Amino acid sequence: MAREEIKAELARVAVSLGAPAGVVVELETPREKSHGDVATNLALVLAKTLGAKPREVAGRIVAALSFPPGIVASVEIAGPGFINFRLATDQLTGILHTIIAAGPGYGRAPATGGAPVNVEFVSANPTGPLHVGHGRQAALGDAIASLLEWTGRKVTREFYYNDAGAQIMKLAASVQARVAQLRGREAELPEGGYHGEYIRELAERYAEAHPADRDAADLEQVRRFAVEALRQEQDRDLQAFGVRFDVYFLESSLYADGRVAETVGRWAAAGHTYERDGALWLRTTDFGDDKDRVIRRSPEKGGEYTYFVPDVAYHVGKWRRGFTRAINVQGSDHHSTVTRVRIGLQALDLGIPPGYPEYVLHQMVTVMKGGEEVRISKRAGSYVTVQDLVEEVGRDAVRYFFLMRKADSHLQFDIDLALKRSEENPVFYVQMAHARMSGVFRVGSVDASAVTAEGVDIAVLTDPSEAELLKVLARFPESVERAAEALDPQRITNYLEELARAAHLWYHRCRVLGESPPVERARLAVARATQIVLANALTLLGLSAPERM
RNA sequence: GCGCCAGUAGCUCAGCUGGAUAGAGCGUCAGCCUCCGGAGCUGAAGGCCACAGGUUCGACUCCUGUCUGGCGCACCA
C-alpha cells in the first residue's frame with residue numbers, strides 16, 4: 001500500500017538527514033481535502049533535533065524523497081511544516097484490487113505467532129439474570145477479543161465466576177425462604193438476600209424437582225440447583241447475544257486445587273504478611289496501596305480468605321497458562337480491585353509485570369424509553385436485564401449501541417432510537433448501506449462474489465464521491481489496527497458510520513446498472529468492495545450484514 | 001476527605017494518542033427531488049472545547065488547581 005511505502009521512504013530520508021535510527025514516522029489523513037491524501041508532521045518533530053526551522057527541514061526532506069512511479073502524484077509543504085502527499089490515481093485501482101482479492105480477509109493481519117492473549121469479561125456470578133452492565137461487557141469484551149484476533153493475536157475468551165462464597169449462600173437462602181412461603185409458612189428473606197421474581201420461579205422449580213425435600217431443608221442441594229439453573233439462563237442469554245466463551249473458570253477450583261493456600265504461603269514466605277486483631281494482613285502499602293488489606297478474616301468473622309486472594313491466585317494462573325497479556329473488562333464500580341490485584345501479584349515476586357493484568361473499565365448504562373429512565377425489569381426486580389433489551393430491540397441494535405460509545409463514557413441506551421427504522425438509528429444506517437450494495441447485485445442479477453477489479457479503468461469514475469469512498473475503504477485496516485491498540489471498538493463503529501455515509505452518498509449520486517459498460521464494470525467493483533468492507537467491519541463487531549432490510 | 005472516570009453545537013456524541021479553519025447525526029431554518037428501495041439530497045444558522053494558570057513552534061488533547069456529575073474508598077463480591 002502507498003501509505004507503507006511513504007512511511008518507509010520518509011524514515012529512510014529522515015535517518016539520512018541525521019535523525020536517530022528507528023525514528024517513528026506518523027502519517028495522518030488530513031480532514032481538509034486541500035491538504036492532500038496523506039500528511040506527516042515529521043519535519044515539525046525533527047526540527048528540534050536537527051536544529052533547523054520546521055519548514056526548512058521539510059524542504060530538505062522533500063528534496064530527498066524518491067518514489068517509484070505510480071505511487072505519489074504530488075508532494076507539497078504547507079502550514080508550519082507539514083508535508084502533504086497526493087496519491088497517484090493508480091493507487092485507487094490498487095485499493096479495489098486489494099479489497100476484492102482479500103474479501104472477508106480484508107483488514108485482517110496475518111497471525112503474529114506471539115503469545116496468546118486472555119480476555120476476561122462478563123464474569124457474572126450466578127446470582128441472577130445478566131444486567132445491562134454485563135451486556136455492555138459482553139459486547140465490549142467480545143469485540144476487543146475480535147480486534148486482537150484481527151490484528152493477528154491468538155485469543156482466549158474467558159468467563160470467571162464464583163460458585164461458592166457468601167453471595168451464593170444468600171441466593172440459596174433466598175430460594176429456601178421462597179420455597180417455605182410456597183408451602184404457606186412464614187419465612188423471611190435473609191438480610192441482603194435476593195428479591196427478584198426469578199427467585200420465586202426458582203423456588204417453584206425446586207419444589208417440583210425435589211418433592212422429597214418439602215421444606216428445602218437441604219441448603220446445599222438448593223444451592224446447586226439455583227446455581228445450575230441461573231448458569232443455564234445466563235448461557236442462554238449470552239448465546240442469544242451471540243457471545244461465546246472458550247473457558248469458564250470456577251472460583252471454587254482455586255480452593256480445591258490449593259492455589260489460594262499457595263498464594264498466601266508465598267506472601268508469607270516473602271515476609272509481606274502479618275497478623276493483627278486475629279486477621280491475616282498483606283502489607284500492600286509497601287507497593288503503593290493507601291492501606292494494608294486483610295487476606296484472611298479473624299475467627300469471629302469466619303476465618304475465611306477475602307475475595308481478593310482467589311482473585312490474585314486466579315491471575316497467577318492466567319500468567320502460568322502462558323498469557324503474557326491478560327485483559328479484564330469490568331464495570332468501573334470495580335476499579336478499586338485494579339491496584340489490589342496488581343499489587344497482590346507484585347508481592348508474589350514471580351516476575352509478573354506491574355501493569356498485569358490490563359483493565360478496560362466501562363461506565364454505567366442508563367436505559368431510556370419515552371424520554372424517561374427505565375430502572376427495573378419484571379424478572380430481576382431492581383435492574384434491567386440483557387434479555388429485556390435483546391427482546392425489545394434485537395441483538396444487533398443492543399450490541400451496536402453498547403459499542404458506539406467509548407467505554408470511559410456513561411452510556412445512554414435510547415430504546416426508541418434503537419427501534420427506529422430510519423437513518424437516525426446508526427445501526428440501521430450502517431446495515432442499510434450494506435443492504436443497498438447487495439441490492440445492486442440482486443437487481444442487476446450479478447453474482448457479487450464473481451465481481452473483480454480486473455480490467456477496471458478507474459479513470460471513468462469521475463464523481464468526487466467515488467474517490468472519496470475508495471479512500472475511506474482504504475483506511476479500514478489501519479482503523480482496525482488503531483482500535484486494537486487502544487482496545488477501543490468504538491473506533492470501529494465510528495469508522496462504520498463514516499463509511500456508510502460515504503457509501504450512501506455515492507449510491508445516491510452514482511448509478512451502477514445500465515451505465516456504459518466500462519462505467520458499470522467499475523462501479524460494480526466499487527459496490528463490491530464497499531459491500532466487503534461493510535460486512536467485515538460489521539462481522540468484526542459481532543453484527544449481521546443483511547442483504548436486504 | 002481520598003482515589004478513578006467524565007465535562008466539546010439546543011440534544012446524543014466524535015475528534016486518529018500534541019498538529020493546519022474543532023466535526024457528525026438528530027433537532028431548527030431554507031431549498032431540491034420521486035431513480036439499482038425517498039427510510040433521499042443540497043445549503044444555512046448554531047462553539048469562551050466547564051473555569052483559571054502552566055508546558056512549546058503549536059493544546060480539545062499533556063501538567064497543576066478549582067467547579068460540576070458518575071463510580072469507588074469493608075475482616076462485602
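Sequence lines set the chain letters: A, B, ... in the order given, protein chains first and strands last, and positions in each chain run from 1. Not measured: the values here are computed from a predicted model. Scope of the values below: all heavy atoms of this structure, side chains included, with no hydrogens, waters or symmetry mates.
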Would you call A:His35 stacked on B:A20, i.e. ring centres under 5.5 Å apart with the planes less than 30° off parallel? yes

Using the six-membered base ring of B:G19, report whether A:Phe82 stacks on it, requiring centroids under 5.5 Å and planes under 30° apart. no

For [N], does either OP1 or OP2 sit under 4.0 Å from a side-chain N or O belonging to [X]?
{"X": "A:Ser409", "N": "B:G7", "answer": "no"}
{"X": "A:Lys291", "N": "B:A74", "answer": "yes"}
{"X": "A:Arg491", "N": "B:C16", "answer": "no"}

Can you check whether any acceptor in the base of B:A77 is under 3.5 Å from a donor in the side chain of A:Asp333, or vice versa? no

Quick one: the side chain of A:Asn41 and the base of B:G19, do they pair up donor-acceptor inside 3.5 Å? yes

Can a side-chain donor-acceptor contact be found between A:Asp396 and A:Gln431 if the only test is distance below 3.5 angstrom? yes

Is [X] touching bases, backbone alone, or none of the nucleic acid, heavy atoms closer than 4.0 Å?
{"X": "A:Ala47", "result": "nothing"}
{"X": "A:Ala78", "result": "base"}
{"X": "A:Phe308", "result": "nothing"}
{"X": "A:Arg501", "result": "sugar-phosphate"}
{"X": "A:Met404", "result": "nothing"}
{"X": "A:Asn125", "result": "sugar-phosphate"}

Same-atom distance (P) from B:G19 to B:A59, integer angstrom: 11 Å

Using the C1' atoms only, state how far B:U56 lies from B:U61, rounded to an integer number of Å. 14 Å

Does the distance from a Lys or Arg side-chain N to an Asp or Glu carboxylate O, for A:Arg60 and A:Glu56, drop under 4.0 Å? yes

Does A:Arg231 count as lying over the ring of A:Tyr161, i.e. NZ or CZ under 6.0 Å from the six-ring centre, within 45 degrees of the axis? yes

How does RNA chain B look in dot-bracket notation if pairs are Watson-Crick or G-U with both distances under 3.5 Å, crossing ones as [ ], other-strand ones as |? (((((((..((((.....[...)))).(((((.......))))).....(((((..]....))))))))))))....

